[in-house]
Every structure is written in C-alpha cells, then in structure tokens.
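Because the structure is predicted, anything quoted here is derived from the model rather than measured.
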Amino acid sequence: MSIHIEPEEGAEAAAQIPNDQFQLLVRIVVWELAMRTSPEQFEEHVRQLTEFREQVEPDLAMARKERDNRNFVASVLADLESLPSTERRPEPARSEPTTGLYL
C-alpha cells in the first residue's frame, strides 16, 4: 500500500487518502505511540486529544463543509467535462422545407 500525503496542501494534505487507508495510518501511529510511551503517558495523550477535539469542533465543522463544497464542485465539473460538447458534433443535415402545418 502506498499512502501519498501532499505537505504543501496544508490542512488538506491528507484529504485525498481513502478512509480505509487513513484509518490504517492512524492505527499505525497509535500503535507506535503506545509502544514508545508508558500507559500513563499514553492515557495523557488520549486525554489531550479529546480536549483538543472539543476545542476545535467549530473549526472542524467549517472545514468539513468547505471540503464537501470543494468535492461537490469538483464532481460537478467532472460531470460537465464528461458531457458531449456541441462543438464536437457534426453539422445536422438540413431537412426539406416544411409547410408549417403539424399534425
């Protein structure tokens, strides 16, 4: 498995990683943290993470909304790009003149 993170993207650095790969990456990091710390230190890190999450929840909600909006725009643009262009269509054949009466 190859996980590619774009550091120059800042807060969006890991945005393109699929959820299952990201969860695996988190498990690896948590495993390493547990290996390198005592149980007390590990519990303190988890407590700090919980407090951090509570503090930044409003920012997370806004960031989620912005990411969802960007993903929506990207999907709409991709859908529009996949539609056939009228410029690429051949010129329609001219029909015979009609009388203007339709049945």
**Request:** Take Leu83 and Leu80 through the side chain to side chain contact (heavy atoms under 4.5 Å, CB included) test and state the conclusion after the steps.
**Result:** CA-CA 5 Å; Leu83 292 174; Leu80 289 174; 4.0 Å; yes
**Prompt:** Looking only at heavy atoms, which two atoms of Ile3 and Gln21 are closest? And how far apart?
**Reply:**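 Taking every non-hydrogen atom into account, CD1-O, 3.8 Å.
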**Prompt:** Quick one: are Arg53 and Leu49 in side-chain contact, heavy atoms under 4.5 Å?
**Reply:**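 A side-chain contact is absent here, since even the closest heavy-atom pair is not under 4.5 Å.
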**Asked** Less than 4.5 Å apart, any side-chain heavy atom of Met35 and any of Trp31?
**Response**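 They are in side-chain contact.
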**Request:** State plainly whether one hydrophobic cluster holds both Val56 and Val46, where clusters connect Ile, Leu, Val, Met, Phe, Trp and Tyr through side-chain heavy atoms under 4.5 angstrom apart.
**Result:**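 No: no chain of side-chain contacts under 4.5 Å links Val56 to Val46.
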**Message:** Please say yes or no: joined through hydrophobic side-chain contacts below 4.5 Å, possibly via intermediate residues, are Phe22 and Val29 part of one cluster?
**Reply:**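 No, it is not one cluster - the side chains of Phe22 and Val29 are not joined through contacts under 4.5 Å.
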**Flag if over 12 foreign heavy atoms under 6.0 Å of CZ, Phe42** =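 More than 12 within 6.0 Å, yes.
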**Request:** May I ask you to check whether over 12 heavy atoms, not counting those of Arg47, lie within 6.0 Å of atom CZ?
**Result:**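 More than 12 heavy atoms, drawn from other residues, nucleotides or ligands, come within 6.0 Å of this atom.
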How long is the span from the [atom1] atom in [X] to the [atom2] atom in [Y], to the nearest 0.5 Å?
| X | Y | atom1 | atom2 | answer |
| --- | --- | --- | --- | --- |
| Leu60 | Lys65 | CG | NZ | 15.0 Å |
| Glu32 | Thr37 | CD | OG1 | 10.5 Å |
| His45 | Leu33 | NE2 | CG | 5.0 Å |
| Asn71 | Arg67 | CG | CZ | 7.5 Å |

**Prompt:** With distance as the sole test, does Glu12 use its side chain to make a donor-acceptor pair with the main-chain N or O of Glu9 at under 3.5 Å?
**Reply:**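 No.
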**Message:** Please determine whether side-chain hydrogen bond (donor to acceptor under 3.5 Å, both in side chains) holds for the pair Glu44 and Gln48, giving the CA-CA distance in whole Å, both sets of side-chain angles, and the decisive distance to 0.1 Å.
**Reply:** CA-CA 6 Å; Glu44 178 61 20; Gln48 289 173 357; 3.1 Å; yes
